[in-house]
Amino acid sequence: MAKKHGDSPARRSKQDQAGERRLRIERAIRAIPRGKVSTYGAIARAAGFPGAARQVAAVLRRGFGLPWQRVLGAGGAIKLIGDSAMEQRFRLEAEGVHFRGRKVDMKAHEWKFGRVKRT
DNA sequence: TGCATGACTCGAA
DNA sequence: GTTCGAGCCATGC
């Protein structure tokens, strides 16, 4: 399927758009309740930016005070490495998230975004 | 302005 | 079930 955004001309500057993008992504991440998890791709789509999974990661890394531990890769796999991965798993288990092998049991803990409302 | 990088995703082997 | 390669997009230098 075509992935063109076909968005409006948008007289807003690129910086403003980028700022809103980050804001929406952060909002989506913060919308994940305790004991639930989501994936980079799902968050990007929920924020209105399908295919921007890497931007979700960037926001998580640069953002502050975000529940980063609730964000996983496709299928519920932890994409972090070493220490961070251990901490993420530890935090999730502390929230009651159950792991199935190396992945989170998405069937039971995946958070479905009800579509983020635009302000 | 342009190139390189990255906490990704999906499909195929 | 795991690994590899190509594709996408924004950010940083």
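Since this is a predicted model, take the numbers as computed values, not measurements. Sequence lines set the chain letters: A, B, ... in the order given, protein chains first and strands last, and positions in each chain run from 1.
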**Asked** Taking atom CD of A:Q69 and atom OG of A:S84, what is their separation to the nearest 0.5 Å?
**Response** 12.0 Å

**Message:** Under a 4.0 Å threshold between the charged nitrogen and the carboxylate oxygen, would A:K36 count as salt-bridged to A:E95?
**Reply:** no

**Asked** Quick one: on DNA chain C, does A:A52 or A:R62 contact a more 5' nucleotide (nearest heavy atom)?
**Response** A:A52

**Message:** Please give me every residue in residues 100-108 of chain A whose heavy atoms get under 4.0 Å of an atom in DNA chain B, ordered by residue number.
**Reply:** none

**Item:** Neighbour count above 12 (heavy atom, 6.0 Å) for A:R102 CZ
**Value:** no

**Prompt:** Do A:E93 and A:R89 sit within salt-bridge range, that is, some charged N less than 4.0 Å from a carboxylate O?
**Reply:** yes

**Message:** Could you walk me through whether A:Y40 and A:K79 satisfy the side-chain contact (heavy atoms from CB on, under 4.5 Å) test, starting with their C-alpha distance in whole Å, then the side-chain angles of each, then the deciding distance to 0.1 Å, before giving a yes or no?
**Reply:** CA-CA 10 Å; A:Y40 296 94; A:K79 286 301 195 179; 4.2 Å; yes

**Prompt:** What string of B, S and - do you get for nucleotides 6-13 of chain B, 5' to 3', when a contact is any protein heavy atom under 4.0 Å?
**Reply:** BBBSS---

**Request:** Without swapping roles, check the side chain of A:R70 against the backbone of A:I32 for a donor-acceptor pair under 3.5 Å.
**Result:** yes

**Request:** State plainly whether the residues A:E26 and A:R24 are in salt-bridge range, i.e. N to O under 4.0 Å.
**Result:** no

**Message:** Within a 6.0 Å radius of atom CZ on A:R100, are there more than 12 heavy atoms belonging to other residues, nucleotides or ligands?
**Reply:** no

